[in-house]
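As structure tokens, the structure follows; a few thoughts come after it.
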Amino acid sequence: MLTFQKQILSDLVEEDALLILARGLGLFDILCMFLKLHSTDKHLVLVLNTTQAQDAAILERQAALGIPPTQRMQIIDADTPADMRAYLYRQSGVFSITSRILGVDLLLERVPVALVSGIVVYNAHRIRPDSMDELILRAYRKNNEEGFIKAMSDQPEAFTTGFAPLQNTLKTLHLRKVHLWPRYQVLINDNLSQAKADVIELRQPMTEKMEKIQQSLVECMEATLAEIRRHQSSMVDVEEFTIENSFTRTFDAVVRRQLDPIWHRISPATKQLVGDLKVLRQLLGYLTDYDAVSFFTFLETVIASNASKDGRQTRQSPWLFMDAADVAISSARRRVYAKPSDPEYQYAHRTSIKEGTSMVRLVLEEQPKWHLLQEILREIEEDMEKATQDGAPVLIMVKEKRTFAQLKNALTQPSKDNGLSPVLERLALQFFSLRKNISMIQQDQQQQLQQQRQQQQEQQQSRYGSTTSQRETFARSGPPQSKRRRVRGGSVAAAASSSRPHLSETLQQDVEDTINLLDNAEKLSEVVDETEMGENDILPEFQELPYSSMVTIKCYEDDLDDYLLEELEPVFIIMYDPDPAFVRRVEVYRAAHPNMDIRVYFMLYENSVEEQNYLSLIRKEKEAFEKLIREKSVMAIPMPQKDEQTTQEHFARIISSRIAGGQYKDKGPPTVVVDMREFRSSLPPILYSKGVKIVPCTLQVGDYIITPEMCVERKSISDLISSFASGRLQCENMCAHYKTPILLIEFDETKSFSLQSLSDMKDTIVLTDISSKLVLLTLTFPRVKIIWSASPHETAAVITELKKTEDEPDAEKAMLVGVENTDEVDSIYNMTPQELLRSLPGVTSRNYKLLMNAVTNLEELFSLSEQRLQTLIGTESARKLYRFIHHKAG
């Protein structure tokens, strides 16, 4: 570890704090070393908020540090039974655990809180108020004031949005101090500047056509932004709606955060513009990331998504009608092929392909970085020959997996004699084959439509005569395509257009499908080129390739990149795609190996959006640290939090004038029985913060049992719509088992408090509308009470108000409600696979126990034969289950 990393680690050990470190400076190594300090003794340390990839990387890092297997971090997930979790907690150690599981275990008192040495919160920028993480930290600090809480993050920008974001985050984490370590910190700057720098920055100019496409797309984005600012300047703050901010991926979230509260008041045209911004930003990224054929395919996907279908007019993106869009589309096409009318046709390759009625010639413009990369590799090879060395490990870093695959093929397959790249030629052939198939399908569909229309006309003529049929045909033909027609909201066309997914939502899936189609040609050609070997043919010997003779291509993987550099120990590092975090990792790697002569090639398109994004990321990180330093100097230090329930409220609760004239009787804290599945929402943490005792258990009826006679089923708007479609509402069961069944409809506090937007309202009453279904629900179940809640905080206030004068529920009785067999209430089985098992066809409440006793997991169940299933659950049930498992869809 470097000096500044040791200093950060010592500061973190001394006191509880939130550590915010600049990206790429070794936060993952600091976490691993901190966990190593607590792996030797009998410590119980809980690690929160890590991903599966990070857990695997921590285990690999601990193995590299020489930590014995018995002292390494253990992973607790949904596959770990409750009894095993309780046993592991008491054995001590370091555990990585999900927030939902740990929160439930804390509420059920399975965790010995007094024995917990501390909690480590990684990726602290993801912590949000009223989350399960806050419930865990609140419950931990309430029962253990001596243990530590350490939080770490390398995303300073996440702590700069909103009102007093740093102070609120510290309050959520139950911390009072924050340690800020930017790149320009004195100790970090001294450590990283000691190593000699050998960085070669290569600014590759884009081709003329790429510059035209970029300029045209930027012009379209400026026009789209101007339209949004013009329409919404009176409703939202449009200062952040700038062309520079629109290049980054976070801009989509910024726009939606501004417009979500008034989304129901926004016109469909503005919603179209917001989606177009995302499409244009994606196209700008694809221009530098992908080859010419793939980029043109994506553009055609956008055009096809805006085309009218089945003769119906659709709302098209306004930017497609701009002159700049025509320039971008034509330039993208001329990068792939040239028509006889194009000036490039004479200089294009002689390879011709039939496109429609004319012949076109392939151009297949390669990415400029491909040639630059080949020159870099030749330069490295020449330097190695001059230095009389056998070789040196070379590491090439890219941003996406598709770039990784194309670079591998481009480096191993040189261009043909005609100058065409084999990679691009295969993609082009697959592209034209795909277009031909699509055109044939469209022609078949048009012929079928014409035949149907002719049949309808013939039927009309046979019924009413030629004159009447001609009048009706003329009247039903509708206005010409060039004329516009107003469509009312209640018409069938409007309903079809409103249900049509937006272009920005469908583009990503279309792009992925296109990539898979284009990649199929590469996979098929690779299979053909493979050498056929006999069944008994084996290689004569195996030799391990040394790293010094290997050129490794890898994708950026954040925390895993540090381990990659230490494992490969590359001498030459080529950054094909710029990434500020990896630049810092290379600086740390170079400072940790001062005796190695490390050369770094930094590739960047000159005057491109790629360069703008790279500089913007660096600038935003610097501004974020400046804001954090300023807020740290003036913020109020969060004090230890107490429950919201005051002494007066508690005293008023325990005194009842109906019992012996108001004598003292402690009824304990208010209690709510909560279903296990509800811990995905923010309502249980909010109730816990209000002093309500939460009892988690698996409920068959309802989501919240607030009194012995009062049951609540909570539904968000999206859940309510899906429940009406699938029939998952439990109103009938609640009415059968509880005196006061309640359906609580909860809205998102960041969005409008409305069931439907004005554009979705129909002129006539339709049974499929959500409002009509609610009316039918109240008529069918008149005992069901419906409560509308504007936010989870309002829901918590409603529940606490309903409980004030009522008795407390019994969790054991609530678990037995709706259960056909009392033996079903059991905690030794894992609940998630059990719920999946009970949802399969043929599995009922009477036979699922037989299956659970016969197999150990779902994989073993799916491998059983139909005869074996018949012996377990009977012929009919086995037939349904076996057919569901093995029947192929379609």
Side-chain angles (χ1 to χ4, degrees), residues 78 98-100 103-104 128 130-132 135 256 260-261 263-264 498-499 501 505 672-687 694 696-706 710-735 737-738 740-757 760-761 766-781 783-799 802 814 817-818 831-832 834-836 838-839:
T98 61
S99 301
R100 183 187 173 198
V104 172
R128 295 291 179 264
D130 305 327
S131 62
M132 286 300 298
L135 183 148
R256 288 307 301 261
D260 267 345
W263 192 253
H264 62 294
S498 62
S499 62
E505 300 174 0
V672 174
V673 181
V674 183
D675 185 43
M676 289 283 192
R677 293 173 286 268
E678 280 297 305
F679 283 89
R680 299 185 182 95
S681 67
S682 59
L683 183 56
I686 295 175
L687 289 172
I694 304 297
C697 64
T698 302
L699 298 178
Q700 300 296 328
V701 179
D703 297 328
Y704 296 84
I705 310 300
I706 57 179
M710 199 175 297
C711 174
V712 177
E713 183 175 8
R714 187 193 65 88
K715 292 291 182 183
S716 62
I717 297 299
S718 58
D719 290 340
L720 182 65
I721 296 173
S722 61
S723 297
F724 273 129
S726 61
R728 287 188 291 107
L729 281 175
Q730 302 185 27
C731 294
E732 183 176 358
N733 292 332
M734 289 194 299
C735 292
H737 296 93
Y738 290 95
T740 309
I742 299 174
L743 174 62
L744 191 143
I745 303 175
E746 186 179 274
F747 291 79
D748 189 351
E749 57 186 344
T750 61
K751 298 183 179 180
S752 62
F753 185 54
S754 61
L755 185 63
Q756 289 177 296
S757 60
D760 294 335
M761 299 296 292
V766 182
L767 292 178
T768 57
D769 285 348
I770 183 67
S771 55
S772 301
K773 291 181 180 180
L774 281 174
V775 172
L776 292 176
L777 179 69
T778 55
L779 293 176
T780 307
F781 303 101
R783 288 177 49 203
V784 175
K785 314 299 181 184
I786 298 180
I787 298 179
W788 304 84
S789 175
S791 66
H793 288 274
E794 185 67 25
T795 303
V798 169
I799 290 178
L802 291 174
V817 173
M831 293 306 302
T832 303
Q834 182 178 342
E835 293 171 1
L836 177 60
R838 299 189 63 177
S839 64

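Here the closest heavy-atom approach between residue V673 and residue C697 is recorded as CG1-SG, 3.2 Å. Scanning both residues, L135 and P685, for their nearest heavy atoms gives CD1-CA, 3.5 Å. Considering every non-hydrogen atom in both G702 and C711, the closest pair reads CA-SG, 3.5 Å.
Note that the CD atom of E794 and the CD1 atom of I799 stand 11.0 Å from one another [nearest 0.5 Å]. Annotation: the span from E713 atom CD to L744 atom CG amounts to 10.0 Å, rounded to 0.5 Å. One finds the OG atom of S791 at 9.0 Å from the CG atom of D748 (value rounded to the nearest 0.5 Å). Between the CD1 atom of I706 and the OH atom of Y738 there is a distance of 11.0 Å, given to the nearest 0.5 Å. The CD atom of Q700 sits 9.5 Å away from the CG atom of N733 when rounded to the nearest 0.5 Å. Once rounded to the nearest 0.5 Å, the distance linking CG of L699 with CD1 of I705 reads 5.5 Å.
Remark: S789 pairs with T795 by the side chain to side chain donor-acceptor pair (under 3.5 Å) rule, at least two apart or across chains. In this structure R677 satisfies the salt bridge (charged side-chain N to carboxylate O under 4.0 Å, His left out) test together with D675, E835, sequence neighbours excluded. Residues satisfying the side chain to side chain contact (heavy atoms under 4.5 Å, CB included) test with I721, not counting sequence neighbours, are I717, I770. Take K773 and apply the side chain to side chain contact (heavy atoms under 4.5 Å, CB included) test, not counting sequence neighbours, and it matches F724. Not counting sequence neighbours, the partners of S99 by the side chain to side chain donor-acceptor pair (under 3.5 Å) test are D133. Legend: residues meeting side chain to side chain contact (heavy atoms under 4.5 Å, CB included) with T778, ordered by chain and number and at least two apart, are I786. In terms of the salt bridge (charged side-chain N to carboxylate O under 4.0 Å, His left out) criterion, residue partners of E746 (sequence neighbours excluded) are, by chain and number, R714. C735 is linked by a side chain to side chain contact (heavy atoms under 4.5 Å, CB included) to P741, F781, R783, V784, counting only residues two or more places apart in sequence or in another chain. Under the rule for a side chain to side chain donor-acceptor pair (under 3.5 Å), the partners of D130 that lie at least two apart in sequence or sit in another chain are H793.
The shortest distance between side-chain heavy atoms of L802 and T740 does not fall below 4.5 Å. Between S723 and K715 there is a side-chain heavy-atom pair separated by less than 4.5 Å. Side chains of L777 and L743 form a contact here, defined as non-hydrogen atoms less than 4.5 Å apart.
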